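Okay, so here's the structure we're looking at.
Treat the numbers as computed from the prediction; the structure is a model and nothing was measured.
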Amino acid sequence: MQQVRTRFAPSPTGFMHLGGLRSALYTYLYARKNDGAFVLRIEDTDQQRYVEGAVEAIYRSLRMAGLNWDEGPDVGGDYGPYIQSQRKDMYLPYAQELVKKGKAYYCFCTKERLDGLRAQYEARGETFKYDKHCAHLCADEVQTRLGAGEPYVIRQNVPDHSQADFDDVLFGHIAVDTDTLDDMILIKSDGMPTYNFANVVDDHTMGITHVMRGSEYLSSTPKYNLLYDAFGWQRPVYIHMSPIMADAHRKLSKRHGDPSFEDLLNQGYLKEAIVNYIALLGWSPGDDREFFTLDEMVQAFDLKGLSKSPAVFDPLKLRHFNFTYLQRMDVDAFEAAMLPWIADAIDTTRFDTRRLAELLQPRCEVFSELAPKLGFLSEMPDYDTALFANKRMKTDAVSALTVLDELMPLLAAVPVWSEDALHDAVTAYIAGQGCKNGYVLWPLRIALSGWENTPAGAFEIAGLLGRQETLSRLGRSAAKLRAAL
Ligand code: GLU
């Protein structure tokens with residue numbers, strides 16, 4: 001049996017968007033599932049669309065996602081080079097072979113002639129189609145003009161009144177009338193291949209057995225297959241994949257501000273959660289299972305689970321996935337992963353980051369949201385004493401000041417500074433007062449944090465701040481209250 005060989009063939013025109021990453025993922029999964037090879041090929045024939053740094057972004061994103069390729073630009077392989085611009089001399093002989101077979105021809109039409117032709121089509125409201133003018137030149141004339149160094153392109157000779165077709169695993173049989181197809185250029189006047197031609201030649205010469213790509217290529221594939229047939233090459237299996245949509249009307253796109261894979265990583269999403277979530281946009285394992293490691297996805301992957309209909313990217317669902325992944329981390333791993341995200345907000349050497357991790361993990365959805373919640377720890381913020389008034393807790397500035405004044409000596413006397421000891425001391429005080437917890441805990445937490453909402457309660461905050469800072473903050477808050485009364 002032939003070894004399965006799939007490829008991901010991105011054009012380096014920008015950052016790795018989620019649709020691209022998902023195509024790469026399915027392509028990778030299919031290769032792995034079938035003990036095949038996953039090939040990375042960079043399609044950079046169109047130098048005008050080339051974006052600086054895009055190739056590196058592709059490598060980075062794929063590696064981050066764990067989609068390691070068996071053959072490709074930087075790892076090598078038997079079918080290299082894997083960057084189209086480095087294969088540029090390969091294509092002309094293939095086009096010449098097609099000319100010999102009558103499946104392609106030299107075209108010497110000038111820009112002026114083509115512009116005129118185009119204008120005629122436009123005037124009739126039709127799409128331009130080359131009129132095969134040069135397909136009818138006799139061999140001698142072609143040789144003479146080539147010999148004279150006249151500029152030329154090579155065009156595909158699409159047969160008239162025929163059908164071009166192919167079978168797609170998802171979309172079934174697709175056929176188009178060849179009269180609707182243009183004799184597309186295979187080799188440009190500078191000797192370089194067009195994108196379409198290089199794509200076909202590369203898939204064949206790299207031994208690709210399964211072409212998996214976005215469904216936007218569905219309409220070009222009949223034309224590509226005419227080339228396979230013209231060469232007498234075996235057609236690959238085609239699997240066109242539905243796009244990821246931002247909403248019912250438009251695809252996800254960087255241009256519209258939709259996040260790329262790296263944007264999401266920079267926002268504090270876990271790569272595993274992103275990959276898991278996007279895997280399910282267009283593929284279903286056939287049961288209700290939602291959470292997969294990459295290896296589990298390989299096991300579960302089946303082309304039958306791919307969907308023809310476009311899936312809509314749901315940022316809330318992604319958050320939910322991320323949340324679930326974060327909750328599944330053990331606290332050590334969470335702490336280690338969290339540290340870089342909070343390092344700018346607090347001096348991580350000053351606080352018990354293990355305890356912080358325990359406190360933050362249960363409600364953390366995305367890492368980037370942690371830092372803004374911690375500012376009060378570094379420095380006591382300036383705040384309005386109106387915060388001490390809380391109807392539900394039945395507190396106001398006067399009651400708060402009394403509580404603080406009475407608590408300070410009690411807390412100062414706690415022998416060992418721990419959350420438990422603080423808890424015991426304050427609970428005893430509350431019992432003695434016969435009041436509700438909130439009557440004491442609300443002013444205590446405000447006096448320690450200056451914030452209405454904090455990611456931890458009064459004892460935890462006091463524990464994190466330590467004895468000295470806690471007593472100092474309480475003293476300052478009491479003074480502030482006194483001054484305000
Ligand atoms: N280079 C194409 C792109 O980035 C992919 C073409 C293909 O997979 O056949 O959209």
Side-chain angles (χ1 to χ4, degrees), residues 1-46 50-51 53-88 90 169 195 198-214 217 236-241 244 260-262 264-265 271-272 274-276 278-279 281-283 292-303 306:
M1 261 207 5
Q2 205 181 10
Q3 190 206 21
V4 166
R5 291 175 59 80
T6 66
R7 89 307 193 264
F8 179 53
S11 304
T13 54
F15 293 97
M16 177 79 91
H17 56 94
L18 293 179
L21 184 70
R22 198 208 46 180
S23 293
L25 172 64
Y26 292 165
T27 308
Y28 167 89
L29 293 175
Y30 191 69
R32 289 284 169 271
K33 171 85 189 209
N34 293 283
D35 296 321
F38 175 55
V39 178
L40 174 63
R41 177 173 78 227
I42 301 295
E43 301 209 315
D44 62 346
T45 42
D46 191 352
Y50 181 83
V51 171
V55 175
E56 291 69 27
I58 292 167
Y59 296 166
R60 261 199 324 270
S61 297
L62 291 176
R63 289 224 161 88
M64 282 297 271
L67 308 182
N68 296 317
W69 49 99
D70 305 305
E71 297 169 32
D74 51 348
V75 301
D78 293 341
Y79 299 81
Y82 293 90
I83 299 190
Q84 265 176 353
S85 56
Q86 293 172 9
R87 299 167 72 82
K88 56 180 189 251
M90 280 189 37
V169 171
Y195 167 72
N199 179 276
V200 168
V201 171
D202 285 348
D203 279 343
H204 173 73
T205 55
M206 291 184 176
I208 301 303
T209 58
H210 293 70
V211 167
M212 300 174 69
R213 63 176 165 221
Y217 289 94
V237 175
Y238 285 103
I239 301 128
H240 286 86
M241 300 173 284
I244 302 182
S260 68
F261 179 53
E262 289 193 296
L264 291 174
L265 295 174
K271 54 185 196 270
E272 296 83 358
I274 306 171
V275 171
N276 190 159
I278 63 165
L281 291 174
W283 171 72
F292 295 86
T293 63
L294 199 51
D295 286 342
E296 289 165 352
M297 273 182 232
V298 170
Q299 293 314 313
F301 192 73
D302 186 343
L303 294 180
L306 289 179

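The shortest non-hydrogen separation linking Ala279 to Tyr26 is O-OH, 2.7 Å. Taking all atoms of both residues into account, the shortest heavy-atom contact from Ala37 to Ala31 is O-CB, 3.7 Å. In plain terms, the two heavy atoms of Glu262 and Ala57 that are nearest each other are OE1-CB, 4.0 Å. For the pair Ala198 and Thr45, the tightest heavy-atom approach, listed with the atom from each and the gap, is CB-CG2, 4.0 Å. When all heavy atoms of Phe261 and Ser61 are compared, the pair lying nearest together is CE2-O, 3.4 Å. Of all non-hydrogen atoms in Leu264 and Ile274, the two that sit nearest each other are CB-CD1, 3.6 Å.
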Steps toward side-chain contact (heavy atoms from CB on, under 4.5 Å) verdict (Leu62, Phe8)
CA-CA 10 Å; Leu62 291 176; Phe8 179 53; 4.0 Å; yes
Test His210 against Asn34 for side-chain contact (heavy atoms from CB on, under 4.5 Å), laying out the working first.
CA-CA 11 Å; His210 293 70; Asn34 293 283; over 6 Å; no
Tell me, with the steps shown, if Ile244 and His17 meet side-chain contact (heavy atoms from CB on, under 4.5 Å).
CA-CA 10 Å; Ile244 302 182; His17 56 94; over 6 Å; no
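Using a 4.5 Å heavy-atom cutoff, the side chains of Leu294 and Leu67 are in contact. Taking 4.5 Å as the limit, every side-chain heavy atom of Val169 sits out of range of all side-chain heavy atoms of Met212. Side-chain atoms of Leu281 and Leu18, non-hydrogen and from C-beta on, never get closer than 4.5 Å to each other. The side-chain heavy atoms of Met241 and Arg22, taken from C-beta on, include a pair separated by under 4.5 Å. In this structure, Lys271 and Leu265 have side chains that are in contact, with non-hydrogen atoms separated by less than 4.5 Å. Between Thr205 and Arg87 there is a side-chain heavy-atom pair separated by less than 4.5 Å. Within the 4.5 Å cutoff, no side-chain heavy atoms of Asp44 are placed close to those of Ser11. Counting heavy atoms from C-beta on, the side chains of Asp46 and Gln84 never come closer than 4.5 Å.
Between the Thr27 side chain and the Thr6 main chain, no donor and acceptor come within less than 3.5 Å of each other. Between the side chain of Thr209 and the backbone N or O of Arg5 there is at least one donor-acceptor pair closer than 3.5 Å. A distance-only check finds no donor-acceptor pair linking the side chain of Asn276 to the backbone of Glu272 [under 3.5 Å].
Paired with Tyr82 under the rule side-chain contact (heavy atoms from CB on, under 4.5 Å), one option of Asp74, Leu40, Val39 passes, and it is Val39.
To the nearest 0.5 Å, atom CD1 of residue Ile278 and atom CG of residue Leu21 are 4.0 Å apart. Taking CE from Met206 and CG from Asp78, the interatomic distance works out to 11.5 Å, rounded to the nearest 0.5 Å.
Residue Lys88 qualifies as open at atom NZ: its count of foreign heavy atoms under 6.0 Å is 12 or below. Within 6.0 Å of the CZ atom in Phe15, the count of heavy atoms belonging to other residues, nucleotides or ligands does not exceed 12.
Ion pairing between Arg32 and Asp70 holds under the 4.0 Å rule for side-chain N and carboxylate O.
Ring geometry for Tyr59 against Trp69 counts as tilted: the plane angle lies between 30° and 60°, on a 0 to 90° scale.
Annotation: cation-pi pair Arg7/Tyr79 absent, no NZ/CZ under 6.0 Å from the ring centroid and within 45° of its normal.
Under 3.5 Å, the side chains of His240 and Arg213 contain a donor-acceptor pair of N or O atoms.
Trp283 is linked by a ring-ring contact (aromatic ring centres under 6.0 Å, His included) to Phe292, Phe301, counting only residues two or more places apart in sequence or in another chain.
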